[in-house]
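To keep things clear, I will list the structure first and then write my remarks on it.
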Amino acid sequence: MVTHVILTGGIGSRLWPLSRKTQPKQYLELFDGKSLLEMTIARNANVADKILIVGNTDNHNLSVEVMKKFAVSHSYIVESTPRNTAAAIAFAAFESNPDDVLIVTPSDHIIDGEFFYKKSLNEAIKLANKNFLVTFGIKPTKPETGYGYIEFEGEDVLAFHEKPDLEKANHFLEKGNCYWNSGLFCFKAGLYLAELEKQEPEVYKQSKKVWDANIAGLLDYDLSLQIPSISIDYAVMERSKNIKVVPSEFNWSDLGSFESVYDYLLQTGHPVDANGNIVIGSSLHTSFVGVKNCLLVHTPDAFLVLQKENSQEVKQVYQNLEIINSPLL
């Protein structure tokens, strides 16, 4: 049994005002009338036997609406409060048989290159069946400072590297064996739980308590608060001795900032003026004077104007609105 585990808990704060708590980026139908979640489901449909959506109480109904478009076996795990990816994936593993192979993906990434993607998935499933925890490295196209890197030799991981500065990112690019850390994983459910129990016993123990008390996939709030919040990378992947990597050639983006959205839209023929300025969300005539590589983002209740290179700073705008409990979130 191969199960596609989709993590849908992200908010996408760096994509405000498009992405909101009530409509996170993975549900926005911005891609030829489809959402990122729809595209994620479709690209894995021919590989997985079942879909398991791990979400939260805020986005559960949105996921249910999306799944109405697919005639595939699926079920839901609904977190009452976010406890990061180590626990979220543990819930999916508890729901599965120990020998089930889990393909774990975020719900909000763009992937192009179906042949290379399926090739990488098949390689990962083979390694998972040999009892390895598998991660996917993406061949970098530029010295990106917003991603972590995996240094490897063949299928063996030599080191995980945190998000680098520009000088180190250029060094990684020159080395040729340092790929972006994609956030995609593949392993047997039982092996993941065994490694989690070994590396982070408290996360395992508290997650098990929460899962044992679940009611039709809905998780208890008070029990969930006892789970340490830690990512799968820190909890397991960077500490286990049982890791393999699949160096991958498909095109990938986490669309984690307006800079990556900008790059994607330009690749797909979105209108752009002579100075590289674009408009998102409005058909009104817009003229940019004296500026280059800017985005104007329009929603019914907000405008955002930014230089492409300053896209990471949008998160600060989001945090400032959180402080005043703004309805714009």
Side-chain angles (χ1 to χ4, degrees), residues 1-12 22-111 114 117-118 120-122 124-125 128-129 134 136 182-193 207 210-220 224 232:
M1 170 78 77
V2 176
T3 298
H4 179 201
V5 178
I6 308 177
L7 307 178
T8 67
I11 295 173
T22 55
Q23 193 82 1
K25 67 172 179 173
Q26 57 267 31
Y27 301 100
L28 300 173
E29 296 180 344
L30 296 177
F31 308 92
D32 294 326
K34 296 180 181 179
S35 67
L36 291 170
L37 176 55
E38 285 181 64
M39 296 162 69
T40 300
I41 295 166
R43 85 170 61 97
N44 293 279
N46 294 329
V47 179
D49 304 296
K50 176 186 175 182
I51 294 173
L52 184 52
I53 295 182
V54 185
N56 54 52
T57 52
D58 291 331
N59 69 20
H60 175 60
N61 289 336
L62 297 173
S63 294
V64 169
E65 287 302 309
V66 172
M67 288 310 303
K68 289 178 180 178
K69 302 179 181 182
F70 295 91
V72 293
S73 175
H74 64 279
S75 56
Y76 302 95
I77 295 172
V78 184
E79 294 182 291
S80 53
T81 184
R83 304 313 295 161
N84 218 314
T85 53
I89 296 168
F91 300 139
F94 285 129
E95 165 71 358
S96 306
N97 293 320
D99 285 334
D100 288 352
V101 172
L102 308 182
I103 298 170
V104 182
T105 76
S107 58
D108 54 1
H109 290 184
I110 281 283
I111 290 176
E114 182 178 356
Y117 180 68
K118 293 292 174 61
S120 293
L121 276 190
N122 289 331
I125 291 170
N129 279 317
V134 185
F136 296 74
S182 67
L184 307 170
F185 307 99
C186 184
F187 35 66
K188 287 182 179 178
L191 179 62
Y192 173 73
L193 291 174
S207 298
V210 171
W211 182 250
D212 288 344
N214 89 86
I215 300 174
L218 180 62
L219 308 183
D220 182 83
S224 295
I232 179 178

Just by modelled atom types, is the [Y] backbone N or O under 3.5 Å from a matching donor or acceptor in the [X] side chain?
| X | Y | answer |
| --- | --- | --- |
| Asn84 | Ala86 | no |
| Thr8 | Val54 | yes |
| Ser80 | Leu219 | yes |
| Asp220 | Ala213 | no |
| Ser107 | Leu7 | yes |

Locate the shortest heavy-atom distance separating [X] from [Y]; write the atom from each residue and the value.
| X | Y | result |
| --- | --- | --- |
| Ala93 | Leu193 | CB-CG, 3.6 Å |
| Ser35 | Gln26 | CB-O, 3.4 Å |
| Asp49 | Ser73 | O-CB, 4.1 Å |
| Arg43 | Lys118 | O-CE, 3.2 Å |
| Tyr192 | Thr85 | OH-O, 4.3 Å |
| Ala128 | Val101 | CB-CG1, 4.1 Å |

So the salt bridge (Lys or Arg N to Asp or Glu O under 4.0 Å) pairs with at least one residue in residues 67-84 (sequence neighbours excluded) are Glu29-Lys69, Glu38-Lys69, Glu65-Lys68

Atom pair [atom1] ([X]) and [atom2] ([Y]), whose distance is rounded to the nearest 0.5 Å:
| X | Y | atom1 | atom2 | answer |
| --- | --- | --- | --- | --- |
| Leu121 | Ile103 | CG | CD1 | 5.0 Å |
| Gln23 | Leu62 | CD | CG | 5.5 Å |
| Asp58 | Thr22 | CG | OG1 | 9.0 Å |
| Lys50 | Ser96 | NZ | OG | 6.0 Å |
| Glu114 | Asn46 | CD | CG | 7.5 Å |

So, do [X] and [Y] sit near enough that their side-chain heavy atoms are less than 4.5 Å apart?
| X | Y | value |
| --- | --- | --- |
| Val47 | Ile125 | yes |
| Ser63 | Leu37 | yes |
| Asn129 | Lys188 | yes |
| Phe94 | Asp212 | no |
| Ile111 | Leu184 | yes |
| Asp108 | Pro24 | no |

Thr40 and His109: side-chain donor and acceptor closer than 3.5 Å?
-> no

Using the six-membered ring wherever Trp is involved, compare the ring planes of His60 and Tyr76 and label them parallel, tilted or perpendicular (cut-offs 30° and 60°).
-> perpendicular

Worked verdict on Glu95 versus Leu52 for side chain to side chain contact (heavy atoms under 4.5 Å, CB included) | CA-CA 9 Å; Glu95 165 71 358; Leu52 184 52; 3.8 Å; yes

So Phe185 and Leu102, side chain to side chain contact (heavy atoms under 4.5 Å, CB included) or not? Walk me through it.
-> CA-CA 8 Å; Phe185 307 99; Leu102 308 182; over 6 Å; no

What residues, two or more places apart in sequence or in another chain, satisfy ring pair (Phe, Tyr, Trp, His ring centres under 6.0 Å) together with Phe91?
-> none

